Asker: 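The structure's right below; bear with me while I get my questions together.
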Amino acid sequence: MATATTEFQFSGLAKCLIQEGLLAEKDAKKYIQDAQNNKISLISYLVANKIVESRAIASKASIEFGVPFFDLDVIDPRNLPVHVVNEKLIRKYNALPLLKRGKTLYIGISDPTSTLGFDDIKFQSMLNLEPVLVEENKLLKTIATALESADTSMADLMDTDLDNLNVQGGEDELPKNDVNADIDDTPIVRFVNKVLLDSIKKSASDIHLEPYEKNFRNRFRSDGILHQIASPPANIANRIISRIKVMSKMDIAERRVPQDGRIKMILSKTRAIDFRVNTCPTLFGEKVVLRILDPTSAQIGIEKLGFEPEQEKLYLDAIHKPYGMVLITGPTGSGKTVSLYTGLNILNKTERNISTAEDPVEITVEGINQVNVNVKSGLTFANALRAFLRQDPDIIMVGEIRDLETAEIAVKAAQTGHLVLSTLHTNDAPQTLNRLMQMGIEPFNIVSAVNLIMAQRLARRLCENCKKPVNLPENVLLSFGFKQEELSTLKIYGPEGCELCNQGYKGHVGIYQVMTLSEAMRAMILAGANAMQLAEQAKAEGINDLRASGLNKVRMGITSLDEIDRVTKE
């Protein structure tokens, strides 16, 4: 037996297991040879074949070789610093980064005698390594989980489309002193490209990239609701943000002030998507929000916006008048721009001269003269409007009326033979009239210029595949605004959730309050009526407010009562 032992030298770990009585010496040679034939480590072979328990190997080896033992069950794999080490090295050497402290990286290994990959890892990470002993079976599972959950950028990013994506920056040139502008970090480039593509596939309106102390959150706003998509490791946040800033032609060396930029993604010869990019310094880095501007969103057709028949007729009548003002109001993300451009597309004929002033231009349309407002260079809404009036306009669109000067020019344009379309930020249509008066517009100018005011919100549509009937008590339905006589035939649906939708909803629909100025309402404005009085008059004239219009969508089974309560709750 002594001769056999001399001929076959056991490794330190095998010798340790034999001495501890966990492995019979007569079987050890066979196990080692089988492991070598299968090109796996002895520990992997012993654990996989259930010859020795993984925990028993780790605890004995820890004592024998003086390497600290750590139980991987007590940690969250998603928080491990796996990006400090190249993924290929982690998989090749089964070495798991556990903790980075200063210039030291603690590495989880299952075999204390094998430090074969330490030199490679040390060279790649530029860190000093400290081994920590962990159980073999838990090590493999934790490596798989950590790399999959914490590295969204590497899991599904092998599509060639991600490499060949045609992405262009904004109009401005890069700062000449920006030495890092040509950064080319392939995994980061792929991650950013994937985020942009996924946002389009999910019909998102905005992308939020938010750095925090211990994580980096990625969220999409879809149908008005923010959903978390991924949590890339916090230690790559700056690289991702720098990549986006390079793409949008920002100064990546400047991190102390907000910046604006633009990205154009060309998907085909006939379709391109614009991303309006804004950065804002926060406590743990720069937050980046990308607004997705899809030109096709303004070409969906007025019949698909969600107007009730009477509301659609009022809107079409107003935009086809040769002069006057059409105002659309609502919060950010309520679909005002899409409503405006749907109207402009209807009016966009060769015989009409249409000009728009926006901050910035969100949807580019051939045949419309579009101007980006630039306050720094002196191109304000008011200056743009003055220029338009000297260029023989038929229709003018002002992105937003923010001040008295812009409002006065817009009103005068509407009074002198031009159709003017614009937006304001108020809660409903009657409040818009008061807002104009508060800005300093005289009541007699308002009644002579304004043709129509439209307030709007966006509500999520119920998924037609899985929506389900819901039963609610009568007192609840009455409190929402339904009438007693309709309760016996009323059918209300709610969300269920399936593989085709997002928590029971798919797409969105507009909720509108469309108000024209009747003679009675004009008289009230001239008499100085407030928003509450104007709202009562509108109701008396049969004009649905946002709540009433929303309840009509519930009656039609288009959306749920909870959704209408969310978007129209006072």
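Here the structure is a predicted model, which is why all the values come from computation and not from measurement.
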Asker: Going by heavy atoms in the side chains, are F123 and D120 under 4.5 Å from each other?
Answerer: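 A side-chain contact is absent here, since even the closest heavy-atom pair is not under 4.5 Å.
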
Asker: Roughly how far, to the nearest 0.5 Å, is CZ of F191 from CZ of R239?
Answerer: 11.5 Å

Asker: State whether the side chain of Q456 and the backbone N or O of I328 hold a donor-acceptor pair below 3.5 Å, judged by distance alone.
Answerer: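 It does not hold such a pair.
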
Asker: Answer yes or no: is there a side-chain heavy-atom contact under 4.5 Å between L340 and T356?
Answerer: no

Asker: Where do L196 and M265 come nearest, in terms of heavy atoms and distance?
Answerer: CB-CE, 3.2 Å

Asker: Can you tell me how far CG of L209 sits from CG of L290, rounded to the nearest 0.5 angstrom?
Answerer: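 Between L290 CG and L209 CG, I get 6.5 Å after rounding to 0.5 Å.
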
Asker: Going by distance alone, is a donor N or O of one side chain under 3.5 Å from an acceptor N or O of the other, for S560 and Y505?
Answerer: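 The answer is yes; a qualifying pair exists.
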
Asker: Please report the shortest heavy-atom distance between F216 and A234, naming the atom on each side.
Answerer: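 In this case the closest contact between F216 and A234 is CB-CA, 4.0 Å.
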
Asker: Using modelled atom types only, decide if a donor and an acceptor are shared between the side chain of T423 and the backbone of G399 within a distance under 3.5 Å.
Answerer: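 Pair found, side chain donor or acceptor close to backbone of G399.
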
Asker: F275 pairs by side-chain contact (heavy atoms from CB on, under 4.5 Å) with which of D206, L293, I292, V289?
Answerer: I292

Asker: Has K506 got more than 12 heavy atoms of other residues, nucleotides or ligands less than 6.0 Å from its NZ?
Answerer: no

Asker: Do K467 side-chain atoms and G557 backbone N/O form a donor-acceptor pair below 3.5 Å?
Answerer: yes

Asker: So which atom in P232 and which in I240 form the shortest heavy-atom distance, rounded to 0.1 Å?
Answerer: CB-CD1, 4.2 Å

Asker: Taking the side chain as everything from C-beta on, heavy atoms only, tell me whether K249 gets closer than 4.5 Å to I263.
Answerer: no

Asker: Determine, stepwise, if the pair H425 / T332 fulfils side chain to side chain contact (heavy atoms under 4.5 Å, CB included).
Answerer: CA-CA 8 Å; H425 284 284; T332 301; 3.8 Å; yes

Asker: Is T142 reaching over with its side chain to a backbone N or O of P77, donor-acceptor style, under 3.5 angstrom?
Answerer: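 No; zero donor-acceptor contacts below 3.5 Å.
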
Asker: Treating K202 as the side-chain partner and R221 as the backbone partner, does any N or O pair qualify as donor plus acceptor under 3.5 Å?
Answerer: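 Between the backbone of R221 and the side chain of K202 there is no qualifying donor-acceptor contact (under 3.5 Å).
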
Asker: How far apart are the closest heavy atoms of G285 and P211, and which atoms are they?
Answerer: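 Where G285 meets P211 most closely, the heavy atoms are C-CG, 3.7 Å.
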
Asker: Which pair of heavy atoms, one from N465 and one from C498, lies closest together, and at what distance?
Answerer: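 Heavy atoms of N465 and C498 come nearest at ND2-SG, 3.3 Å.
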
Asker: Check whether K122 reaches the backbone of L129 with its side chain - one donor and one acceptor, N or O, closer than 3.5 Å.
Answerer: no

Asker: Should R255 and S242 count as side-chain neighbours, where that means a heavy-atom distance under 4.5 Å?
Answerer: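 Side chain of R255 against side chain of S242, heavy atoms only: contact under 4.5 Å found.
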
Asker: Keeping the roles fixed (side chain from N348, backbone from L344), state whether a donor-acceptor pair exists under 3.5 Å.
Answerer: no

Asker: Once rounded to the nearest 0.5 Å, what's the spacing between atom CE of M250 and atom CD1 of I244?
Answerer: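 Spacing of CE (M250) from CD1 (I244) equals 9.0 Å.
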
Asker: Between Q124 (side chain only) and N86 (backbone N and O only), is there a donor and an acceptor less than 3.5 Å apart?
Answerer: yes

Asker: Out of curiosity, I109 CD1 to N94 CG, how far, rounded to the nearest 0.5 Å?
Answerer: 10.5 Å

Asker: Which is it for K553 and E563 under the salt bridge (charged side-chain N to carboxylate O under 4.0 Å, His left out) test, yes or no, and what are the steps along the way?
Answerer: CA-CA 10 Å; K553 297 294 189 297; E563 184 66 6; over 6 Å; no

Asker: Taking it one step at a time, do L96 and V82 satisfy side chain to side chain contact (heavy atoms under 4.5 Å, CB included)?
Answerer: CA-CA 7 Å; L96 177 65; V82 289; 4.1 Å; yes

Asker: Taking the side chain as every heavy atom from C-beta outward, state whether H508 and V567 have any pair of such atoms under 4.5 Å apart.
Answerer: no

Asker: Apply side chain to side chain contact (heavy atoms under 4.5 Å, CB included) to L105 and V85, showing your working.
Answerer: CA-CA 10 Å; L105 180 65; V85 179; 3.6 Å; yes

Asker: How far does CG of L80 sit from OG1 of T145, to the nearest 0.5 angstrom?
Answerer: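 Going from CG on L80 over to OG1 on T145, the span is 10.0 Å.
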
Asker: Look only at the side chain of K304 and the backbone of G306, and say whether a donor-acceptor pair between them is shorter than 3.5 Å.
Answerer: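 Side chain of K304 to backbone of G306, a donor-acceptor pair under 3.5 Å: no, none is there.
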
Asker: Could you tell me if the side chain of Y93 sits less than 4.5 Å from the side chain of I107, heavy atoms only?
Answerer: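 Of all side-chain heavy-atom pairs linking Y93 with I107, none is under 4.5 Å.
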
Asker: Between Y212 and R217, is any side-chain donor less than 3.5 angstrom from a side-chain acceptor?
Answerer: yes

Asker: Give a yes or no answer on whether the side chain of T559 reaches the backbone of R460 with a donor-acceptor pair at less than 3.5 Å.
Answerer: yes

Asker: With side chains defined as the heavy atoms from C-beta onward, is the minimum distance between L72 and E135 less than 4.5 Å?
Answerer: no

Asker: Supply the atom-to-atom distance T342 OG1 to L305 CG, rounded to the nearest 0.5 angstrom.
Answerer: 4.5 Å

Asker: Checking side chain to side chain contact (heavy atoms under 4.5 Å, CB included) for the pair K138/D73: CA distance, chi angles, key distance, verdict?
Answerer: CA-CA 8 Å; K138 293 180 182 178; D73 283 341; 2.7 Å; yes

Asker: Which pair of non-hydrogen atoms, one from D274 and one from K264, has the smallest distance, and what is that distance?
Answerer: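 For D274 and K264, the tightest heavy-atom pair comes out as OD1-NZ, 3.1 Å.
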
Asker: With a 4.5 Å heavy-atom cut-off, do R256 and P281 have their side chains touching?
Answerer: no

